[in-house]
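Comments concern the structure below.
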Amino acid sequence: MRSVPDLTVAQKVLAAQPFSNLLGARLTAFDEGEATLELDVRDELLQQNGFVHGGVLAYAADNTLTFAAGTVAGTRLLTAGFTIDYLRPAAGTLLRARARVVRAGRSRVVCRCDISSVDADGVETLCAVAQGTIAVPEKAAEADDA
């Protein structure tokens, strides 16, 4: 049987990612096929027009998709691929990515992610959507089953 981590364990996994620390990402939800990642918008994350850089949105999608998969498949996962559609520029004080599992198989987990910007009044605006496939490496699946 695969061991599925709880929020505290998942937050430790995030804290072990140097790039996530550089961005200041926080895992705020992790349970039953869903995960939420947040990061404060600051000048260093903006592009030349004052919006959150698309690479930051892609990071948020990638990591949140994988964490959502982790709620059903354990900690040893790899992103196999994802697509992202940018719907509108992201501006505000907070970026929030919410991902959920669409289908979990033995070797692949498909997830969807909505990325929203949140303004100072707490109003969320959907700015991007992503879908990804997360791989469960064969050796990891065997170790989790032990």
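The basis for the numbers below is simple: all heavy atoms, side chains too, and nothing from hydrogens, waters or symmetry mates.
Note: Gln11 CD to Leu27 CG = 6.0 Å, rounded to the nearest 0.5 Å. Taking CD1 from Ile134 and OG1 from Thr79, the interatomic distance works out to 4.0 Å, rounded to the nearest 0.5 Å. Between Leu14 atom CG and Phe67 atom CZ the span is 4.5 Å, to the nearest 0.5 Å. Taking CG from Leu7 and OG1 from Thr36, the interatomic distance works out to 10.0 Å, rounded to the nearest 0.5 Å. From Thr28, atom OG1 reaches atom CZ of Arg98 across 8.0 Å, with rounding to the nearest 0.5 Å. Note that SG of Cys127 and CG of Asp85 are 12.0 Å apart. Values are rounded to the nearest 0.5 Å.
Closest of all the heavy-atom pairs between Leu77 and Val136 is CD2-CG2, 3.7 Å. Nearest heavy atom pair, residue Thr64 against residue Cys113, reads CB-SG, 4.2 Å. Between Tyr86 and Ala58, the shortest heavy-atom contact is OH-CB, 3.9 Å. Smallest separation of non-hydrogen atoms from Ser20 and Asn63: OG-ND2, 3.2 Å. Pairing each heavy atom of Arg108 with each of Ala80, the nearest pair is NH1-CB, 2.8 Å. Listed here is the closest heavy atom pair of Ile115 and Ala61: CD1-CB, 3.7 Å.
In this structure, the side chain of Gln17 does not engage the main chain of Phe19 through any donor-acceptor pair within 3.5 Å. Within the 3.5 Å criterion, the main-chain N or O of Thr8 finds a donor-acceptor partner in the side chain of Asp6. A side-chain donor-acceptor contact under 3.5 Å links Ser117 to the backbone of Ala91. With hydrogens and angles disregarded, no donor-acceptor distance shorter than 3.5 Å links the side chain of Ser107 to the backbone of Ala135. In this structure, Asp119 contributes its side chain and Gly92 its backbone to no donor-acceptor pair below 3.5 Å.
Linking Ile, Leu, Val, Met, Phe, Trp and Tyr whenever their side-chain heavy atoms come within less than 4.5 Å puts Leu46 and Leu22 in one cluster. Under the 4.5 Å side-chain heavy-atom criterion for Ile, Leu, Val, Met, Phe, Trp and Tyr, Leu23 and Leu95 are members of the same hydrophobic cluster. Under a hydrophobic clustering in which Ile, Leu, Val, Met, Phe, Trp and Tyr are joined whenever their side-chain heavy atoms come within less than 4.5 Å, directly or via other members, Leu94 and Val56 fall into different clusters. Under the 4.5 Å side-chain heavy-atom criterion for Ile, Leu, Val, Met, Phe, Trp and Tyr, Val109 and Val13 are members of the same hydrophobic cluster.
Other members of the hydrophobic cluster containing Leu126, listed by chain and number, are Leu87, Val129; membership follows side-chain contacts under 4.5 Å among ILVMFWY residues, whether direct or relayed.
Taking Glu44 as the reference, Arg42 meet the side chain to side chain donor-acceptor pair (under 3.5 Å) condition, with sequence neighbours excluded. Considering only residues two or more places apart in sequence or on other chains, Phe82 meets the ring-ring contact (aromatic ring centres under 6.0 Å, His included) condition with none of them.
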Q: Just do the side chain to side chain contact (heavy atoms under 4.5 Å, CB included) check on Ser116 and Thr125 with the steps written out, would you?
A: CA-CA 5 Å; Ser116 298; Thr125 302; 5.9 Å; no
Q. Could you go step by step and tell me if Thr71 and Glu34 meet the side chain to side chain contact (heavy atoms under 4.5 Å, CB included) rule?
A. CA-CA 7 Å; Thr71 68; Glu34 297 183 353; over 6 Å; no
Q: Apply side chain to side chain contact (heavy atoms under 4.5 Å, CB included) to Leu37 and Tyr59, showing your working.
A: CA-CA 10 Å; Leu37 185 133; Tyr59 154 82; 4.1 Å; yes
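Residues Cys111 and Val102 fail the side-chain proximity criterion, which asks for heavy atoms closer than 4.5 Å.
Remark: Asp40 engages Arg26 in a salt bridge, criterion side-chain N to carboxylate O under 4.0 Å. Remark: Glu38 engages Arg96 in a salt bridge, criterion side-chain N to carboxylate O under 4.0 Å.
When the shell of 6.0 Å around CD of Glu32 is examined, it contains 12 or fewer heavy atoms from other residues, nucleotides or ligands.
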